[in-house]
Amino acid sequence: MRFFKIWPFVPTVLVFLVIAYLSLAEDPVHAEEIHLFEGADKVVHGCMYLGLVVVGCYDLYRLGFGFTPGRLVAWLFVAIAWGGLMELLQGAMTAGRSADWFDFLANSCGALLGLLLGVWCLPRLFRRYRGLRLFHVVDDFR
């Protein structure tokens, strides 16, 4: 856990990088070979941004910043803006990717759902599993 004291938002940054790769690579998971229901990519978009916001909430809570309304709105704005940037970059690329407003809507819905889930679940998990290192609040960060 000392690593996370030095660079506290490493988990969140890693999720940002994974989303950037999955959003901008030409075909990162060979989606044409996987036959799913129509609109499954929207579910995937929502899940990616849900995960991003929950991990960001985890870092905020773990570092003792707390969940103030201003921080939560700012974090939600960052996640939605990142989703918009990824869609704009997909539209600018010519490598088989295209921008889609419904992808942006799925990103935003996933981020909002992730915020609600993070704010509701994380404090309960921290209280319940206080002894585990994964749910340890960093006391000397600030």
Considering all heavy atoms, the nearest [X]-[Y] contact:
| X | Y | value |
| --- | --- | --- |
| Phe104 | Gly83 | CD1-C, 4.0 Å |
| Glu87 | Asp100 | OE1-N, 3.1 Å |
| Gln90 | Ser23 | NE2-O, 2.7 Å |
| Gly118 | Val54 | N-CG2, 4.2 Å |
| Ile19 | Met48 | CD1-O, 3.5 Å |

Within a strict 4.5 Å, meaning less than it, do heavy atoms of the [X] and [Y] side chains meet?
| X | Y | result |
| --- | --- | --- |
| Ile80 | Asn107 | no |
| Asp59 | Trp75 | no |
| Thr12 | Phe9 | yes |

- Message: Going by side chain to side chain contact (heavy atoms under 4.5 Å, CB included), name the residues that satisfy it together with Leu89, two or more places apart in sequence or in a different chain.
- Response: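 In terms of side chain to side chain contact (heavy atoms under 4.5 Å, CB included), with neighbours along the sequence ignored, Leu89 is linked to Leu24, Leu85, Met86.
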- All side chain to side chain contact (heavy atoms under 4.5 Å, CB included) counterparts of Ala79, not counting sequence neighbours: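 Only Leu52, Val53, Ala111 meet the side chain to side chain contact (heavy atoms under 4.5 Å, CB included) criterion with Ala79.
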As an exercise, state the distance from [atom1] of [X] to [atom2] of [Y], rounded to the nearest 0.5 Å.
| X | Y | atom1 | atom2 | answer |
| --- | --- | --- | --- | --- |
| Tyr61 | Leu125 | OH | CG | 10.0 Å |
| Leu76 | Ser108 | CG | OG | 8.0 Å |
| Leu72 | Leu60 | CG | CG | 7.5 Å |

For a quick test of your reading: what N or O donor-acceptor pairs under 3.5 Å do the side chains of residues 63-70 make, sequence neighbours left out?
residue, atom, partner, partner atom, Å
Thr68, OG1, Arg71, N, 3.3

For residues [X] and [Y]: do they belong to one hydrophobic cluster (side chain heavy atoms under 4.5 Å, members Ile, Leu, Val, Met, Phe, Trp, Tyr)?
| X | Y | result |
| --- | --- | --- |
| Tyr21 | Phe16 | yes |
| Leu117 | Val44 | no |
| Tyr49 | Val18 | yes |
| Val78 | Val15 | yes |
| Leu113 | Tyr58 | no |

